[in-house]
Amino acid sequence: MYRRLIAPGALAAASLLLAVPASAAGFQPGAPGIGDPYYPYYGNGGYDVSHYDLRLKYQPQSDELEGTATILARTTQDLSRFDLDFLLDVSEVRVNGAKASFTTSGQQELVITPAAPLPKGTPLTVVVRYHGVPSTKSAYGFTAWHRTPDGAVAADEPESAWWWFPSNDHPSDKATYDVSVAVPDGTQVISNGTLQSTGSQLGWTRYNWRSAKPQATYLATLAVGKFDITTGKTSAGVPVINAYSKDLGDNDGAARASVERTGEIVDWLTGYLGPYPFESVGGYVPNTTTGYALETQTRVYYSPKQFANGANTSVVVHELAHQWYGDDVSLKGWKDIWINEGFARYAQWLWSEHEGEGTAQQLADYVYASHPADDAFWTVKPGDPGPDDQFDIAVYDRGALAVQALRNAVGDDAFFAILKGWPKDHAYGNASVADFQTYAEKVSGKPLAGLFDTWLFKPSKPAASAARGAAVARTQAAPVRPKSWTKIEATNDVHGR
């Protein structure tokens, strides 16, 4: 055996090194934001989550929520402390079994210091015990927790997790979920994925939901109340689970006439987008006063107001298209929102064509002609709209117009190969607008930088020559308003808070 001799001076230096605080020996705090320029303090640095296990108890009458969140993760740096995004009151935190100290910072930061520093690559089990009344909490001047007459709903974008579970709240850190919620007997719980089991004891019923595919935090949803639940299957055998509050009033019939077509619409979308990517599908309509819908993974959230003027399958198409474009393939950063909204809107255009109410080309011509060059509509860049305009109508309509320009530039064969291949190529991951351009160029064999720049990134109306080059607005005559436009327009505030 070869023994390395260490001089006394070296031993003394080593002893001093061990006495130096971990933060000074290469261990650093995780960043309080994941690095998204639109939302600098959303998400966190230093670790990557693989699974959330949420065990909750909720009292609808008082809006009291108590829970234990067990978060499985792995460090991505030598870590002295780290943050979670959360608003409720925390009573205890443990990291890998040992008690950790914690405090709060900023609008929604829970700052956790483990008992010992954590080397890069360390598996983490973080247990957070908490309680609170979510409806009393706000951040940045708003709440994403919505009370209903018989319970509550958590559904919002770009954030909703803070009000009901601690998380790394950014779409780039996707994870699987187990959501177990106890509520008073007679009350029900709706969440993502599939219902694994229920059980009743001492006046409380526990619902156990599982979302088995990677899911962004804003796509996790929770609804507590009294629902009428319907079930079925798509033609491919995917379970369909829909739920309707029992007090929807005059909107009940129109909501059901729309959402009950989920299986049919999923079957239709698979022809364009490929096999449905998740273990279940469906939607729920709680009795809320909100006006938007949201593509919460496998279980779409719809406001009753979406159906105030009658049935509207167009909004169902929009949200279900997001299951591929937004949920299966999620954005890398919030500036990449066009990949979500431009394609979900374009799916509505394809549905219009399917229903014989106006072709995608007619809708593109109509959008281009409807906004004069000095309209602020054209100042919004769908490829990077900025946080204030992230859900501006231009991201939807100009975004879909860009999709039609792409279709016309590469031809139908290449376009529909791109449309179907993209969710498969990036399944359960994250991607940017630049990634999409690269993929479209690879499939089509054509350079597309100029087209993307013109239709997605210039803050001005594409010139008539560019429009003609993309086969948009091919005639000087004012285009006829397509029959489907009223229903499509009714979804313009689909993601407005």
Side-chain angles (χ1 to χ4, degrees), residues 157 251 254-255 257-259 261-262 264-266 268-269 271-273 283 285 290-295 300-326 337-371 375-378 380 382 385 389-408 415 419 455-456 467 472-473 478-496:
E157 183 183 21
N251 292 325
S258 307
V259 179
R261 295 183 68 180
T262 291
E264 170 198 349
I265 291 169
V266 167
W268 175 78
L269 283 167
Y272 289 103
L273 308 180
V285 190
T290 62
Y292 60 88
L294 185 64
E295 65 270 18
V300 173
Y301 164 81
Y302 299 99
S303 163
K305 288 185 178 178
Q306 294 294 324
F307 312 107
N309 294 319
N312 190 347
T313 53
S314 189
V315 69
V316 179
V317 169
H318 183 103
E319 301 305 333
L320 291 177
H322 273 312
Q323 303 304 306
W324 286 263
Y325 280 76
I337 191 67
W338 169 72
I339 295 179
N340 292 21
E341 302 304 344
F343 285 87
R345 177 66 104 204
Y346 194 75
Q348 293 176 270
W349 290 14
L350 292 173
W351 180 253
S352 168
E353 200 166 281
H354 171 72
E355 295 287 275
E357 296 183 341
T359 67
Q361 182 67 59
Q362 289 168 339
L363 285 157
D365 292 346
Y366 183 76
V367 167
Y368 182 84
S370 296
H371 298 278
D375 191 331
F377 174 88
W378 298 109
V380 176
D389 291 320
Q390 185 179 342
F391 300 112
D392 188 271
I393 188 57
V395 176
Y396 296 73
D397 284 350
R398 186 180 175 185
L401 185 57
V403 178
Q404 182 66 28
L406 172 66
R407 177 181 177 178
N408 293 340
F415 174 76
L419 202 61
W455 294 95
L456 291 180
V472 175
V480 176
R481 175 172 167 151
K483 184 179 178 182
S484 61
W485 187 253
T486 299
K487 291 180 180 178
I488 292 172
E489 196 174 33
T491 66
N492 282 354
D493 62 350
V494 72
H495 288 165

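Owing to the predicted nature of the structure, the values given are computational and were not obtained by experimental measurement.
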Q: Only one of Gln348, Lys487, Glu357 clears side chain to side chain donor-acceptor pair (under 3.5 Å) with Ser314; which?
A: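 Result: among Gln348, Lys487, Glu357, Gln348 is the only option passing the side chain to side chain donor-acceptor pair (under 3.5 Å) with Ser314.
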Q: Give a yes or no answer on whether the side chain of Arg398 reaches the backbone of Trp378 with a donor-acceptor pair at less than 3.5 Å.
A: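 Such a contact is found between Arg398 side chain and Trp378 backbone.
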Q: For the pair Tyr325 (side chain) and Leu419 (backbone), establish whether a donor and an acceptor sit closer than 3.5 Å, ignoring hydrogens and angles.
A: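 At least one qualifying donor-acceptor pair exists.
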Q: Taking the side chain as every heavy atom from C-beta outward, state whether Thr491 and Glu319 have any atom pair closer than 4.5 Å.
A: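 Sidechains of Glu319 and Thr491: no contact.
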Q: Salt-bridged, Glu489 to Arg481, with N to O below 4.0 Å?
A: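 Yes.
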Q: Parallel, tilted or perpendicular: which describes the rings of Trp268 and Tyr272, with under 30° parallel and over 60° perpendicular?
A: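 Taking Tyr272 first and then Trp268, their aromatic rings stand perpendicular (interplane angle over 60°).
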Q: Ser258 side chain to Asn312 main-chain N or O, any donor-acceptor pair under 3.5 Å?
A: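 A pair under 3.5 Å: yes.
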Q: Less than 6.0 angstrom separating the ring centers of Phe343 and Trp338, yes or no?
A: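 Distance test on ring centres: under 6.0 Å, yes.
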Q: Above 12 or not: heavy atoms from other molecules or residues under 6.0 Å from CG of Asn309?
A: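 Not more than 12 within 6.0 Å, no.
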Q: For a quick test of reading the model, state the closest non-hydrogen atom pair linking Val380 to Ala394 and the distance between them.
A: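 Closest approach of Val380 to Ala394, heavy atoms only: CB-CB, 3.7 Å.
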Q: Among residues at least two apart in sequence or on other chains, which ones pass salt bridge (charged side-chain N to carboxylate O under 4.0 Å, His left out) with Glu264?
A: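 Result, salt bridge (charged side-chain N to carboxylate O under 4.0 Å, His left out) vs Glu264: Arg261.
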Q: Using 30° and 60° as the class limits, which term best fits the ring planes of Tyr301 and Tyr292: parallel, tilted or perpendicular?
A: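 Tyr301 and Tyr292: tilted rings.
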Q: Assess the residue pair Glu295 and His318 against the criterion (side chain to side chain donor-acceptor pair (under 3.5 Å)); give the C-alpha distance rounded to whole Å, side-chain angles, the decisive distance to 0.1 Å, and a yes or no.
A: CA-CA 8 Å; Glu295 65 270 18; His318 183 103; 5.9 Å; no
Q: Test of understanding: with ring-ring contact (aromatic ring centres under 6.0 Å, His included), list the residues that count as partners of Tyr366, not counting sequence neighbours.
A: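 For Tyr366, the residues satisfying ring-ring contact (aromatic ring centres under 6.0 Å, His included) (neighbours in sequence not counted) are Trp485.
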Q: Might you point out which heavy atoms bring Gly310 and Ala254 nearest each other, and give the distance in Å?
A: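 So the minimum-distance heavy-atom pair works out to C-CB, 3.4 Å.
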Q: Asp392: what forms a salt bridge (charged side-chain N to carboxylate O under 4.0 Å, His left out) with it, not counting sequence neighbours?
A: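 Not a single residue meets the salt bridge (charged side-chain N to carboxylate O under 4.0 Å, His left out) criterion with Asp392.
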